[in-house]
Amino acid sequence: MAKAKTDLIKLVIVESPAKARKIGGYLGDGYVVEASVGHIRDLPQRAADIPKEYKKIAWAKEGVDIENDFAPLYVINPDKRAKVAELQALMKNAEELILATDEDREGEAIAWHLVEVLQPKVPIKRMVFNEITKEAIQEAVENTRDLDYHLIDAQETRRVLDRLFGYRLSPVLWKKVMPRISAGRVQSVATRLIVEKERERMAFISSAWWDLAAVTALGFNARLLEVDGKRVAATSDFGADGAVKEKSLSNILLLDEAGARGLVESLKATPLTVKSMEESPRTERPKPPFTTSTMQQDAGSRLGWGAQITMRIAQRLYENGYITYMRTDSVNLSAQAIDAARKAAKSLYGADHVADAPRTYLGKTKNAQEAHEAIRPAGETFKTPGELAPELSRDEFALYDLIWKRTVASQMADAKKMQMRVDFDAQTNDGKATIFRANGSVITFAGFLAAYDDIVTDENKDEETEDKRLPAMTLGQTVKVNEYTCEGHETKPPARYTEPTLVKKLEELGIGRPSTFASIIQTIQDRPCI
DNA sequence: CAGTGAGCGAGCTTCCGCTTGACTT
């Protein structure tokens, strides 16, 4: 019996199974949506992957014929043979092949590889979209384009370069250093960053200095700023090597313990006199929604998670439909997501806490591909963390909560702060003129901080950023001092990288991709050591 | 003559990036 016309389907191929299910629901009858589950073909990884007819060819193991215009040898990934067979079977009933892989360099290449492998005899269309809503998908399927061979060539070049660099350099290391270690465009830079940081720490020479504080009867402290017109050394006068900066050398007073104790002695309980006061308003803008890298950084600092744990939890949230795709370098939200964030902010924190106009953010990542949205709660209205608490595990809840807050905060109003600075005169009993300074900062309008607090880390705890209210004072007023205290400080070497701070650095340098940040860290730790 | 040990040669390791399960540690 001849096949009825209605048996023919339009085959749509995306990269991720979760995406396939969702899009399948939006496209409906006549469409079959399948996932390639990532790349289906690659250069041979090992000798066993090389087809019989290429086994004797010298360059086959490297997978690149450098004598012949760097022609690559592609083989089906061993774990994708069943998937390819499945797609080939579906093609038999297809009247059209629609390639809906991600709109980035790798996605375009996956689409091309699919065409090369499936060899369709039916029309081929390339469909792209940046958000998964019914409207966006409908529009995308009606406005298809052709494959972009510039992008495909760019991907092939990247692939060949990485292969030649990594597969030629690594064997040199086996011979000269030890077996099984490796080198590559990404991992070698990551390793070098860590080595350089360690060298900085080794070259670091710790300097000691002392400072003074006046503990006032009004409940605030003021720290010593000047003695006889000379500024007392502060953290910012020391360079990365731990020594006093060149330009600070001549004009600062570096107090040692004896000097500090002498000043305490000579000040006794001298009151402070208000010399000047200054108030300056500050506004603070919310941060953009999460990318893979910033999510890893925040989960690291707030939840104490490594990059891989964060990604595993995020993957579960994504597969169960709670968040959008978790491997992204984009800070953009869809129009519907912006709307949802603003509605959530309005109902929970009030209309005055929502930004006047929808906020859009510019990504600052080098080489960003922006094939996906930022990481955000899924759906056209965001379920609050509280609503989802019963169905999420403890870790899933913690990460969803972070994503929800960051997304909602990104559409909220600026926070307003008032910073206060009061300088005081005090005279030592041996006639030295000293100036003390008190800083205060008050949040006058929480804005986005109502949803997403600034985090206090060990590094910024000492700075004058905390919410500290100073009492009202007038010029010339004297303030009673309970006691003067002094304290010794040491400059600290630059901190070692943590997993998230290394990811941040790599991203700044344009090295690695959202799908590989976690595995880079794994690789440089897994390789054998001497 | 069977079992053992030294010596030799062959084959393997490895890159980066895109995706999930199916496997063991």
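Residue numbering restarts at 1 for every chain, and letters A, B, ... go by the order of the sequence lines.
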[X]: partners by salt bridge (Lys or Arg N to Asp or Glu O under 4.0 Å), with sequence neighbours left out:
X        : answer
A:Arg185 : A:Asp162
A:Lys405 : A:Asp401
A:Arg359 : A:Asp414
A:Arg527 : none

Base, sugar-phosphate or nothing for [X]? Non-hydrogen atoms, less than 4.0 Å.
X        : value
A:Gly38  : base
A:Pro171 : base
A:Ala183 : sugar-phosphate
A:Arg527 : sugar-phosphate

query = Considering heavy-atom distances to DNA chain B, does A:Val186 or A:Arg327 have its closest nucleotide positioned more toward the 5' end?
reply =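 Between the two, 5'-proximity favours A:Val186.
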Writing each nucleotide of DNA chain B 5' to 3' as (, ), [, ], | or . by Watson-Crick or G-U pairing under 3.5 Å yields .........................
For the [atom1] atom of [X] and the [atom2] atom of [Y], what is their distance to the nearest 0.5 Å?
X        : Y        : atom1 : atom2 : result
A:Arg316 : A:Glu319 : CZ    : CD    : 9.5 Å
A:Thr310 : A:Glu499 : OG1   : CD    : 8.5 Å
A:His372 : A:Ser16  : NE2   : OG    : 8.0 Å

Using salt bridge (Lys or Arg N to Asp or Glu O under 4.0 Å), reason through A:Glu373 and A:Arg376 one step at a time and then give a plain yes or no. CA-CA 8 Å; A:Glu373 273 189 77; A:Arg376 63 164 174 94; 2.7 Å; yes
*Could you walk me through whether A:Arg302 and A:Leu402 pass side-chain contact (heavy atoms from CB on, under 4.5 Å), step by step?*
CA-CA 9 Å; A:Arg302 289 169 191 252; A:Leu402 215 54; 3.5 Å; yes
Over-ring placement of A:Lys10 relative to A:Tyr31, 6.0 Å and 45° cut-offs: yes
Checklist line | A:Tyr325 and A:Tyr318 aromatic ring geometry - parallel, tilted or perpendicular at 30°/60° bounds | finding: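 The arrangement is perpendicular - the two ring planes meet at more than 60°.
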Exercise. Going by atom types alone, do A:Gln187 and A:Ser182 pair a side-chain donor with an acceptor below 3.5 Å?
Worked result: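 Note: A:Gln187 and A:Ser182 side chains meet the donor-acceptor criterion.
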Run the side-chain donor-acceptor check on residues 378-385 of chain A: report pairs under 3.5 Å with partners two or more places apart or on a different chain.
residue	atom	partner	partner atom	Å
A:Thr384	OG1	A:Glu387	N	3.2
A:Thr384	OG1	A:Glu387	OE1	3.2

Stretch [range]: residues that reach within less than 4.0 Å of DNA chain B through a heavy atom:
range                       : value
residues 151-166 of chain A : A:Arg158, A:Arg159, A:Asp162, A:Arg163, A:Gly166
residues 96-110 of chain A  : A:Asp102, A:Glu106
residues 48-66 of chain A   : A:Lys61
residues 502-524 of chain A : A:Gly512, A:Arg513, A:Ser515, A:Thr516, A:Thr523

CA sep, side-chain torsions, deciding dist, call: A:Glu196, A:Arg192, salt bridge (Lys or Arg N to Asp or Glu O under 4.0 Å):
CA-CA 6 Å; A:Glu196 279 179 345; A:Arg192 174 171 171 162; 2.7 Å; yes
Should A:Glu96 and A:Lys125 count as an ion pair when the cut-off is N to O under 4.0 Å?
->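 Salt bridge between A:Glu96 and A:Lys125, a charged N being under 4.0 Å from a carboxylate O: yes.
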Starting from the C-alpha separation in whole Å, work towards a yes-or-no answer on side-chain contact (heavy atoms from CB on, under 4.5 Å) for A:Leu43 and A:Arg159. CA-CA 9 Å; A:Leu43 306 175; A:Arg159 183 66 191 94; 3.9 Å; yes
Span of DNA chain B, from the first to the last nucleotide whose atoms fall under 4.0 Å of chain A heavy atoms: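 Under 4.0 Å from chain A, the extent on DNA chain B is B:dC12 to B:dT20.
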Tell me the closest heavy-atom pair linking A:Tyr361 and A:Asn332, and the distance in Å.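 What the structure gives for the nearest pair is O-OD1, 3.7 Å.
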So the ring pair (Phe, Tyr, Trp, His ring centres under 6.0 Å) pairs with at least one residue in residues 74-110 of chain A (sequence neighbours excluded) are A:Tyr74-A:His113
